[in-house]
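So the structure is just underneath, and the comments pick up after that.
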Amino acid sequence: MYSIIKSLHSNLALVLLFVLFAAVIYILIGFMGNKEFTASSKRIALAGLIAAHLQLVVGLIIYFISPLGIENFSKASMGNSMSRLYMLEHPLMMLLAIVSITIGYSKSKRAATDKQKYKLLSIFYVIGLVFILSRIPWHVWM
Ligand code: HEM
Ligand code: HEM
């Protein structure tokens with residue numbers, strides 16, 4: 001079970017990064033080029049949101065079954081940068097990233113103009129992407 005969820009989390013991370021990168025580039029081009037907010041714009045933003053939410057669910061599961069997650073949460077682990085990454089920094093930053101992406105999607109959905117929709121998505125999706133990139137355990141992944 002643990003190994004299945006772990007490889008799912010690892011593969012979904014790749015999908016999420018790919019989709020989010022593509023969405024951010026598309027959104028920034030739309031924003032800077034004053035483009036119309038079309039059905040495709042909505043779809044690509046939604047793809048980023050869904051990938052993020054799926055990874056949230058899988059991440060929460062792995063946090064409770066991995067020996068590196070909640071099981072390793074202790075004062076001693078705080079002093080070890082590797083333990084701290086998995087039990088605290090990675091989950092927390094990823095959660096904040098997904099919250100940012102969700103706020104961006106939700107606010108953009110309610111925005112009045114196309115320019116504003118792109119602007120809100122640009123800000124909140126870029127913050128999400130930066131948070132994610134900052135706390136991926138690159139040394140064991142890729
Ligand atoms: C934006 C979403 C996320 C991305 C891109 C991401 C990415 C990754 C990657 C690449 C790994 C290393 C996998 C490997 O060793 O092959 C990992 C491990 C891990 N992630 Fe995430 N993650 C995300 C969200 C979360 C969340 C929300 C949680 C928990 C609440 C979480 C908990 C963990 C844990 C506990 C591990 C260590 C698993 C182990 O090796 O036993 N992740 N994550
Ligand atoms: C822990 C699990 C989850 C939480 C806490 C969560 C939370 C949220 C929140 C707060 C929103 C924002 C609604 C809005 O203001 O527009 C949202 C939207 C959405 N979520 Fe999740 N979600 C979770 C899991 C999932 C999963 C597993 C999927 C499916 C793959 C998913 C798909 C979506 C979609 C498609 C929307 C956008 C709906 C729309 O068009 O407005 N979520 N979610």
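All ligand and atom numbering here is 1-based and tracks the order in the structure.
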Between Leu17 and ligand 1, which part of the residue brings a heavy atom under 4.0 Å of the ligand: side chain, backbone, both or neither? neither

Name the residues with a heavy atom less than 4.0 Å from ligand 2? Leu46, Leu49, Ile50, His53, Leu54, Leu56, Val57, Thr102, Tyr105, Ser106, Lys109, Arg110

Out of Leu120, Leu49, Ile50, which one pairs with Tyr105 under the side chain to side chain contact (heavy atoms under 4.5 Å, CB included) rule? Leu49

Chi angles and distances behind the side-chain hydrogen bond (donor to acceptor under 3.5 Å, both in side chains) call for Ser41, Tyr118: CA-CA 9 Å; Ser41 319; Tyr118 275 126; 2.9 Å; yes

For a quick check under 3.5 Å, do Ser10 and Ser7 share a side-chain donor-acceptor pair by atom type? no

Is the charged tip of Lys119 near the ring of Phe31: under 6.0 Å from the six-membered ring centre and within 45° of its axis? no

Where do Ile103 and Phe124 come nearest, in terms of heavy atoms and distance? CG2-CE2, 3.7 Å

Does Pro137 come within less than 4.0 angstrom of ligand 1, counting non-hydrogen atoms of the residue? yes

What pair of heavy atoms forms the shortest contact from Ile101 to Ile132, and how long is it? CD1-CD1, 4.4 Å

Atom indices of ligand 1 within 4.0 angstrom of Leu16 heavy atoms, with elements: 1 (C), 2 (C)

Give the numbers and elements of all ligand 1 atoms closer than 4.0 Å to a heavy atom of Ile132. 1 (C), 5 (C)

Regarding ligand 1, does His90 bring an N or O atom to under 3.5 Å of one of the ligand's N or O atoms? yes

Could you tell me if the side chain of Met82 sits less than 4.5 Å from the side chain of His139, heavy atoms only? yes

Could you tell me which atoms of ligand 1, counted from 1 in the order shown, lie closer than 4.0 angstrom to a heavy atom of Ile62? 32 (C), 33 (C), 34 (C), 35 (C), 38 (C)

Distance-only, no hydrogens or angles: does the Tyr125 side chain make a donor-acceptor pair with backbone N or O of Ala45 under 3.5 Å? yes

How does His9 reach ligand 1, if at all, at less than 4.0 Å between non-hydrogen atoms: by side chain, backbone, both, or neither? side chain

Looking at ligand 1, would Tyr2 count as a contact under a 4.0 Å heavy-atom criterion? yes

Using only atom types and a distance under 3.5 Å, with no angle test, would you say the side chain of Glu36 pairs donor to acceptor with the backbone of Asp114? no

Per-atom contacts of ligand 1 with Trp141, taking only distances under 4.0 Å to non-hydrogen atoms: 10 (C), 16 (O)

Would you call Leu68 and Met87 a side-chain contact if the rule is heavy atoms closer than 4.5 Å? no

Would you mind listing which atoms of ligand 1 come within a distance below 4.0 Å of any non-hydrogen atom of Tyr86? 36 (C), 37 (C)

Which ligand 1 atoms, with their elements, are less than 4.0 angstrom from a heavy-atom of Lys6? 15 (O), 40 (O)

Any heavy-atom pair between the side chains of Arg43 and Leu46 that's under 4.5 Å? no

Using a strict 4.0 Å cut-off to heavy atoms of Ser66, name the atoms of ligand 1 that fall inside it. 38 (C), 39 (C), 41 (O)

Given side chain to side chain contact (heavy atoms under 4.5 Å, CB included), test Ser83 with Phe73 step by step and report yes or no. CA-CA 8 Å; Ser83 295; Phe73 204 106; over 6 Å; no

